Amino acid sequence: MPDLGSAYDPQKIEEKWQKRWAEARVFESEADPSKSKYYVLEMLPYPSGTLHMGHMRNYTIGDVVARVKRMRGFNVMHPMGWDAFGLPAENAAIKNNTHPREWTNKNIAEFQRALRRFGFSYDWRREISTCEPEYYRWNQWFFLRMLERGLAYRKKSRVNWCPKCCTVLANEQVVNGGYCWRHEDTLVESREIEQWFLKTTAYADQLLDDLKQLEGGWPERVILMQRNWIGKSQGAKVKFVVADVAGAEPIEVLTTRIDTIYGATAVILAPGHPLLPKLLEGSPARAEADAKLAKMHQASVKTEDLATMEKEGLFTGRYAVNPFSGEKIPIWVGNFVLMEYGTGAIMAVPAHDQRDLEFCRKYGLPVRVVVEPLEGEPLIEEKMTAAFDEHHQGKLVNSGPYNGLSPEQAIAKMATFAEQKGFGRAETIFRLKDWGISRQRYWGTPIPVVYCLKDGMVAVPDKDLPVLLPPNPKLTGMGESPLASTPEFVNTTCPKCGGPARRETDTMDTFVDSSWYFYRYCDPHNDKGPYDSAKAAYWFPIDQYIGGITHAILHLLYSRFWCKVMRDLGLIKHNEPAARLFTQGMVQKGGVAMSKSRGNVVGAEDMAQKYGADTGRLYTLFAAPPEKDLEWSEESIEGSWRFLNRVYRLVERHAGGVRGQKNGSIDAATATAREKTLLRKVHQTLRRVTQDFETRWHFNSAIALIMELTNVIYLQEPLEKAVRPEVRGEVLELLTLMLAPMTPHLAEELWEMLGHTGGLWKASWPAFDEALTREDEVEIPVQVNGRLRGRVKAAVGTGGDEVEKQAQADSMIAPHLAGKSIVKRIFVPDKLLNLVVA
RNA sequence: GCCCGGGUGGCGGAAUGGCAGACGCUGAGGACUUAAAAUCCUCCGGGGAUUUUUCCUCAUGUGGGUUCGACUCCCACCCCGGGCACCA
């Protein structure tokens with residue numbers, strides 16, 4: 001630590017106050033309906049090794065909020081726990097030949113120590129760890145409730161498969177656009193396997209509609225991202241009859257643009273479409289089909305890869321009949337059409353959809369314009385390189401009886417017509433899919449289901465929960481999933497008939513753990529249920545949830561889904577888990593997010609070792625406003641360290657002279673000029689800092705204001721000469737209180753130095769004195785034609801006429817007015833005068 | 001590719017329709033000191049004029065627009081970041 005010749009010793013102070021807080025149980029709270037509650041929560045961390053700056057930033061913001069709310073008199077719940085299941089523990093276990101539990105617990109211990117070191121005000125009695133049976137038992141319990149209600153089901157679904165590892169890969173393990181992370185020469189294949197899903201789509205409408213309830217409390221962009229993710233649109237399903245293939249079912253396509261159906265020049269099927277074998281039977285395309293289809297199947301399952309890969313197609317040799325025009329159009333297979341989405345078949349309208357255009361250009365299929373722009377150049381089919389898809393500014397052409405209609409009108413009419421004729425109908429389409437929760441991994445919650453030869457799939461009864469993970473798995477990262485290769489886990493008896501049965505060997509996605517953990521905090525040791533409803537009713541909804549923008553969609557959407565399911569189970573009454581959400585920006589290094597794989601992680605504890613927790617906390621808050629990304633640089637932390645030393649020396653110097661002096665109402669009328677300057681500055685600062693804490697959370701500018709205040713006090717030194725002790729006391733106490741939420745250890749120490757024995761944790765947030773904030777005189781900038789030409793001084797509240805008179809008399813401004821007449825005057829009292837001259 | 005953000009001095013950032021660059025870092029100068037560190041004080045966007053005091057002008061990714069007035073609002077473009085359903 002740099003020696004600044006000061007007595008400020010953060011290591012000593014921080015240890016001292018952390019001990020006192022713990023002894024006084026300052027951060028522990030209980031549900032108490034007679035008190036107004038405040039539930040502030042930061043997203044629980046995955047304990048991945050060391051606490052890095054992203055965590056540190058998240059928890060500092062949350063801690064400031066928790067401490068401010070305590071000072072405001074709320075009964076604050078501020079818990080912390082561990083998202084302890086997941087892939088990295090399993091990878092580490094494979095690599096180091098340890099048990100995932102060992103690795104995880106070691107990391108948790110390290111994380112916990114680091115968090116305690118920073119003085120975050122958690123109620124540690126509520127700590128949870130999602131990998132403990134007492135927690136994951138309730139994941140299983142919820143799963144069974146969803147199974148009973150048809151919200152959990154199995155279906156075939158595609159996974160990434162490495163033929164060398166003979167195992168399922170996570171998307172993260174697919175690298176370089178489709179290769180295995182451990183075998184970089186091996187292309188990942190996609191395989192279909194039977195997997196468990198939760199029916200998020202059953203709540204699609206509610207998930208969308210209830211976003212309205214979150215307006216004002218959640219960032220607009222998060223609401224927007226969720227809305228787009230759910231992706232509700234009005235579309236239609238239309239059946240195309242297959243020509244010349246006996247017994248072939250019609251192909252049902254899904255489209256949001258039925259109005260463009262006269263422009264369809266092909267029908268394109270997903271490579272896995274069930275009708276495909278029948279179409280290819282006896283077709284000239286038969287010969288080349290197998291190889292091509294196999295290649296299409298080999299693609300990664302990542303959306304981003306699907307969206308950017310080269311479009312590949314295969315002509316089936318068959319034709320379909322457009323039910324509107326009667327036209328025969330070719331049936332193709334396309335690698336960009338997904339079986340999982342819609343009906344697994346689309347109609348290609350190249351003139352009005354970019355992907356279709358690219359596909360048709362590649363394979364020489366015709367382009368036909370059926371919507372002309374209302375304004376501008378008409379479209380030329382042969383030359384189009386960009387599809388015209390702006391349906392708000394077009395009218396239909398080449399569309400038989402629908403010519404001249406707007407796309408909106410045509411969509412409605414054509415859907416009705418299709419329905420009347422029985423070959424189609426209007427349909428609401430969601431982009432949202434059901435949530436695939438199956439993982440072929442060890443380190444997760446076992447899915448509580450068994451398969452019996454006689455009774456088929458049987459749910460594990462509640463009384464047999466939890467289904468425990470086997471203690472000694474064989475973890476190799478190769479071959480079948482770890483649970484499947486553990487006979488003592490797999491082999492069991494059927495709960496119904498008692499005969500031999502096999503356990504389900506998939507574990508649950510870790511997003512299950514994080515979807516409801518915040519309810520468990522209310523009642524962390526309940527062994528009768530996930531939590532007590534009365535306790536949840538008191539604490540919920542979360543008043544302020546704080547976490548990374550990176551969780552804007554998945555975690556928050558799954559949590560919202562889980563909340564609605566729990567409501568329908570009768571556990572709670574509210575619709576949404578978090579009333580307010582704050583998304584902090586990322587901490588970056590070298591322009592990208594910190595991550596272990598990039599090797600650019602900056603540990604938070606080093607900072608506390610060097611400068612103390614308070615300097616670290618302050619600097620994290622000062623470096624940028626919390627919602628913005630922050631490029632990490634340690635160079636300027638010295639400034640925060642110097643500032644805290646400045647404050648410490650200031651209070652140290654004057655504490656003796658003010659101790660025991662009554663502070664209370666200060667008579668402004670008898671105050672000296674220097675006293676007035678100080679009192680005005682401190683109350684103005686308090687007003688703005690209060691606003692920043694309450695509304696904008698721009699802690700960086702709040703700190704800047706407090707720094708400015710400190711500079712002003714320094715310039716008034718020596719204070720004891722012209723400033724009465726009670727004024728000095730008032731100024732220093734307010735300074736201390738304003739810092740308290742951000743640098744709590746230092747503030748406690750200063751508070752004690754100023755003569756308070758009770759502990760600052762009992763103090764309230766101070767109120768500013770409006771009368772003391774008032775300025776006597778202001779400087780008003782004067783513009784001529786919008787350009788700054790000078791400034792005039794005037795008493796607060798001076799009228800426009802008077803200010804204009806002064807401006808005209810001002811030697812700087814007058815030349816710009818000479819010989820011209822004022823045609824307009826814009827006057828903002830105490831702020832600005834703009835004279836428009838001609 | 002799709003969805004969502006961001007772009008202001010050497011650097012982090014302030015100003016959300018009203019004096020662009022608060023506050024801090026870095027740098028320069030001064031005071032204190034035998035000296036250094038620490039501390040305290042002053043200066044610090046570019047160009048030009050006046051060289052004491054100021055004034056003019058350019059400047060908030062690029063190009064347009066709205067307005068008395070735009071970092072702020074609108075349109076188009078460029079660049080950077082995040083998410084894209086098995087990382088969490």
Side-chain angles (χ1 to χ4, degrees), chain A residues 2-6 43 45-46 48 83 85-88 159-160 168-174 195 200 221-222 224-225 227-229 231 301-309 336 354-355 358 432-441 509-511 514 548-555 557-558 585-586 588 591-593 595-597 619 622-625 627-633 635-640 642-643 645-646 649 698 700-701 703-708 711 714-715 717 779-788 790-791 812 823-826 828 831-837:
Chain A
D3 177 16
L4 302 191
S6 157
M43 290 180 185
Y46 180 79
S48 59
D83 187 15
F85 272 141
L87 200 53
V159 292
N160 299 305
V168 176
L169 299 184
N171 278 344
E172 189 190 43
Q173 297 169 323
V174 179
Q195 305 210 73
T200 41
R221 65 164 153 159
V222 174
L224 191 59
M225 284 161 91
R227 189 166 281 142
N228 290 338
W229 186 262
V301 302
K302 287 196 233 179
T303 316
E304 64 216 90
D305 294 341
L306 290 170
T308 50
M309 72 191 175
F336 67 103
Q354 190 61 30
R355 284 175 310 178
E358 283 164 25
L432 181 71
K433 298 188 286 196
D434 281 338
W435 174 12
I437 59 159
S438 277
R439 298 292 181 271
Q440 294 70 42
R441 306 275 168 202
D509 180 6
T510 56
F511 274 122
S514 55
I549 182 66
T550 176
H551 295 291
I553 297 175
L554 293 180
H555 162 58
L557 193 74
Y558 294 146
M586 284 165 313
Q588 305 187 332
V592 291
S595 77
K596 238 185 171 177
S597 56
Y619 180 56
F622 184 55
E627 74 279 7
K628 276 196 161 185
D629 290 347
L630 187 158
E631 171 64 32
W632 187 251
S633 129
E635 276 160 32
S636 49
I637 193 170
E638 295 276 342
S640 297
R642 277 201 279 262
F643 167 67
N645 276 279
R646 246 162 107 78
R649 282 194 303 270
H698 279 198
N700 59 329
S701 56
I703 293 165
L705 288 166
I706 299 171
M707 286 175 168
E708 231 177 289
N711 293 344
Y714 262 76
L715 290 174
E717 290 277 31
E779 207 175 53
I780 299 173
V782 179
Q783 298 179 339
V784 178
N785 286 346
R787 302 191 69 108
L788 181 73
R791 299 170 183 85
M812 293 300 305
V823 294
K824 193 173 175 185
R825 181 177 87 192
I826 293 103
V828 185
K831 285 267 172 168
L832 173 113
L833 174 69
N834 184 11
L835 299 171
V836 184
V837 298

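Order of the sequence lines fixes the chain letters, A, B, ..., with proteins taken first and strands second; residue numbering starts at 1 for each chain. This structure is a prediction, so every number in the text was calculated from the model and none was measured.
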Would the distance check show the side chain of [X] and the main-chain N or O of [Y] forming a donor-acceptor pair, the cut-off being under 3.5 Å?
X: A:D629; Y: A:G585; result: no
X: A:K628; Y: A:M586; result: no
X: A:T200; Y: A:K433; result: yes

Under 4.0 Å between a side-chain N/O of [X] and OP1 or OP2 of [N], yes or no?
X: A:N700; N: B:rA14; result: yes
X: A:N228; N: B:rC2; result: no
X: A:T303; N: B:rA85; result: yes
X: A:K824; N: B:rG69; result: no
X: A:T550; N: B:rG83; result: yes
X: A:R642; N: B:rC25; result: yes
X: A:R221; N: B:rG5; result: no
X: A:N711; N: B:rG24; result: yes

* To do: Measure across A:V168 and A:Q173 and return the closest heavy-atom pair with its distance rounded to 0.1 Å.
  => O-OE1, 4.2 Å
* Indicate the ring-plane relationship of A:W632 and A:Y619, choosing parallel, tilted or perpendicular according to the 30° and 60° boundaries. =>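 Rings of A:W632 and A:Y619: perpendicular, as their planes differ by over 60°.
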Please classify the nucleic acid contact of [X] as base, sugar-phosphate, or nothing, using heavy-atom distances under 4.0 Å.
X: A:S438; result: base
X: A:L557; result: nothing
X: A:V782; result: nothing
X: A:Q783; result: base
X: A:M309; result: nothing
X: A:A552; result: nothing
X: A:E708; result: sugar-phosphate
X: A:F511; result: base
X: A:V168; result: base
X: A:F622; result: base
X: A:R787; result: sugar-phosphate
X: A:P625; result: sugar-phosphate
X: A:E358; result: nothing
X: A:L224; result: sugar-phosphate

* Asked: Does a distance-only test, which skips hydrogens and angles, find a donor-acceptor pair under 3.5 Å between the side chain of A:E631 and the base of B:rC80?
  -> no
* Asked: Per the atom types in the model, does the base of B:rC87 pair as donor or acceptor with the side chain of A:Q173 at under 3.5 Å?
  -> no
Is there a Watson-Crick or G-U wobble partner for [N] with both distances under 3.5 Å, and which nucleotide is it?
N: B:rU50; value: none
N: B:rC32; value: none
N: B:rC11; value: B:rG24
N: B:rC44; value: none
N: B:rG1; value: B:rC84

* Could you say whether A:S636 or A:Y558 is positioned toward the 5' end of RNA chain B, judged by the nucleotide with the nearest heavy atom to each? =>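 Here A:S636 is the residue nearer the 5' end.
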* To do: Identify, between A:R355 and A:D509, the residue whose nearest nucleotide on RNA chain B lies closer to the 5' end.
  => A:R355
Round to the nearest Å and state the distance from [X] atom [atom1] to [N] atom [atom2].
X: A:Q588; N: B:rC11; atom1: CD; atom2: P; answer: 17 Å
X: A:R649; N: B:rU39; atom1: CZ; atom2: P; answer: 6 Å
X: A:W229; N: B:rG5; atom1: CH2; atom2: P; answer: 16 Å
X: A:M43; N: B:rG83; atom1: CE; atom2: P; answer: 13 Å
X: A:K831; N: B:rG69; atom1: NZ; atom2: P; answer: 20 Å
X: A:E635; N: B:rG13; atom1: CD; atom2: P; answer: 13 Å
X: A:Q354; N: B:rG1; atom1: CD; atom2: P; answer: 10 Å
X: A:K628; N: B:rA15; atom1: NZ; atom2: C1'; answer: 11 Å

* For atom P, what is the distance between B:rA20 and B:rU60, given to the nearest Å? -> 13 Å
* **Pairwise P distance, B:rG81 and B:rC25 [rounded to whole Å]** =>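 Going atom to atom, P in each nucleotide, I get 30 Å.
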Can you tell which of [options] lies closest to the side chain of [X]?
X: A:S701; options: B:rC68, B:rC40, B:rA15; result: B:rA15
X: A:I826; options: B:rC40, B:rC86, B:rG18; result: B:rG18
X: A:A704; options: B:rC87, B:rC23, B:rA88; result: B:rC23
X: A:V159; options: B:rG18, B:rC86, B:rA88; result: B:rC86
X: A:M225; options: B:rC68, B:rC3, B:rA85; result: B:rC3

* With syn defined as a glycosidic torsion within 90 degrees of 0 and anti otherwise, which applies to B:rG9? -> syn
* Asked: Do the side chains of A:W435 and A:F511 get nearer than 4.5 Å, heavy atoms only?
  ->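 Yes; the side chains approach each other to less than 4.5 Å.
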